[in-house]
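This report refers to the structure that appears directly beneath it.
In this text the structure is predicted, and so the values were computed from the model without any measurement. Values below: every heavy atom of this structure, side chains too, minus hydrogens, waters and symmetry copies.
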Amino acid sequence: MTEVSSALPPLHAAQRRSWLWVGRIASALPVLGMLFSGVVKLTGNLNVIEVFTGKFGYPQQALVPIGIVEIACVVVYAIPRTAVLGAILTTAYLGGAVATHVRVGDPFIPPIVFGILVWVGLYLRDDRIRRLLPLRRNGLQG
């Protein structure tokens, strides 16, 4: 029995462009959502302060630094040269968001979906990630 290469065949130019655009769209969703969330944290909106301090139990003085970190993570992710580091940082940030929502009994699916979109988007738009984590067909063929 011989082992045949199980990696997917190289992408054709049209398929590569399609994956790139789907990856950009998948990446844009968490970037836009988190930029909005980060900017709202910086505005001093009374409703945001109430939720942040009352419901989530964070001190008010932590709101601006957390907003800055949120924005910084997605900016690093949005820059192609630093996208892998940005994906790691954004995933870590979203892990904290999940923990915060779980702690207060809120639905925690949105930050998980954003985290998945971060990695799916990066996978589809970055050849290096696809080479590092190739999708495989059946490993052995006889």
Side-chain angles (χ1 to χ4, degrees), residues 2-141:
T2 42
E3 185 172 326
V4 180
S5 175
S6 59
L8 290 175
L11 298 175
H12 299 290
Q15 186 180 20
R16 185 180 309 270
R17 278 191 303 276
S18 296
W19 280 30
L20 177 63
W21 277 103
V22 171
R24 286 177 178 165
I25 292 166
S27 295
L29 295 173
V31 168
L32 293 174
M34 291 178 68
L35 280 175
F36 175 77
S37 174
V39 168
V40 167
K41 287 178 179 75
L42 302 179
T43 64
N45 181 300
L46 294 178
N47 291 333
V48 173
I49 292 170
E50 174 57 34
V51 168
F52 195 79
T53 58
K55 183 176 186 177
F56 294 147
Y58 287 108
Q60 184 175 346
Q61 60 270 27
L63 190 61
V64 169
I66 289 174
I68 291 169
V69 168
E70 184 172 11
I71 292 168
C73 288
V74 296
V75 166
V76 172
Y77 173 68
I79 299 169
R81 189 177 195 108
T82 59
V84 174
L85 174 61
I88 294 167
L89 295 173
T90 301
T91 303
Y93 180 88
L94 291 168
V98 169
T100 296
H101 287 282
V102 167
R103 188 175 58 81
V104 298
D106 269 0
F108 55 91
I109 300 301
I112 291 174
V113 170
F114 272 8
I116 291 168
L117 286 172
V118 163
W119 286 101
V120 166
L122 186 61
Y123 184 88
L124 293 175
R125 65 187 172 102
D126 192 326
D127 288 333
R128 299 170 302 167
I129 300 300
R130 285 195 301 275
R131 281 193 302 271
L132 182 64
L133 302 168
L135 294 177
R136 298 190 179 268
R137 294 183 185 170
N138 293 335
L140 295 175
Q141 296 179 357

Taking all heavy atoms of Val40 and all of Thr43, pick out the closest pair and write down the distance.
O-OG1, 2.8 Å
Do any N or O atoms from the side chain of Tyr123 and from the backbone of Leu133 form a donor-acceptor pair under 3.5 angstrom?
yes
Listed pairs under 3.5 Å, donor-acceptor, residues 21-39 side chains, sequence neighbours left out:
residue : atom : partner : partner atom : Å
Ser27   : OG   : Gly23   : O            : 2.9
Ser27   : OG   : Tyr77   : OH           : 2.8
Ser27   : OG   : Arg125  : NE           : 2.8
Ser37   : OG   : Lys41   : NZ           : 2.7
Ser37   : OG   : Glu70   : OE1          : 3.2
Ser37   : OG   : Glu70   : OE2          : 3.0

Counting C-beta onward and ignoring hydrogens, is there a side-chain heavy-atom pair between Asn47 and Phe52 closer than 4.5 Å?
no
Output for pair (Thr90 OG1, Leu85 CG), nearest 0.5 Å, gives 9.0 Å
Euclidean distance, Ile88 CD1 relative to Cys73 SG, rounded to 0.5 Å:
11.0 Å
Has Thr91 got a side-chain atom pairing as donor or acceptor with Gly115's backbone, closer than 3.5 angstrom?
no
Can you list the residues that meet the salt bridge (charged side-chain N to carboxylate O under 4.0 Å, His left out) rule with Arg128, with sequence neighbours excluded?
Asp126
Show me, pair by pair, the donor-acceptor contacts under 3.5 angstrom made by side chains of residues 58-68, not counting sequence neighbours?
residue : atom : partner : partner atom : Å
Tyr58   : OH   : Thr100  : OG1          : 2.6

Residues pairing under salt bridge (charged side-chain N to carboxylate O under 4.0 Å, His left out) where one sits in residues 82-97, two or more places apart or in two chains, turn out to be none
With a cut-off of 3.5 Å and sequence neighbours excluded, list every side-chain donor-acceptor pair involving residues 103-113.
residue : atom : partner : partner atom : Å
Arg103  : NH2  : Phe56   : O            : 2.2
Asp106  : OD1  : Lys55   : NZ           : 3.0
Asp106  : OD2  : Lys55   : NZ           : 3.0

Kindly state each residue pair satisfying salt bridge (charged side-chain N to carboxylate O under 4.0 Å, His left out) with at least one member in residues 74-86, sequence neighbours excluded.
none
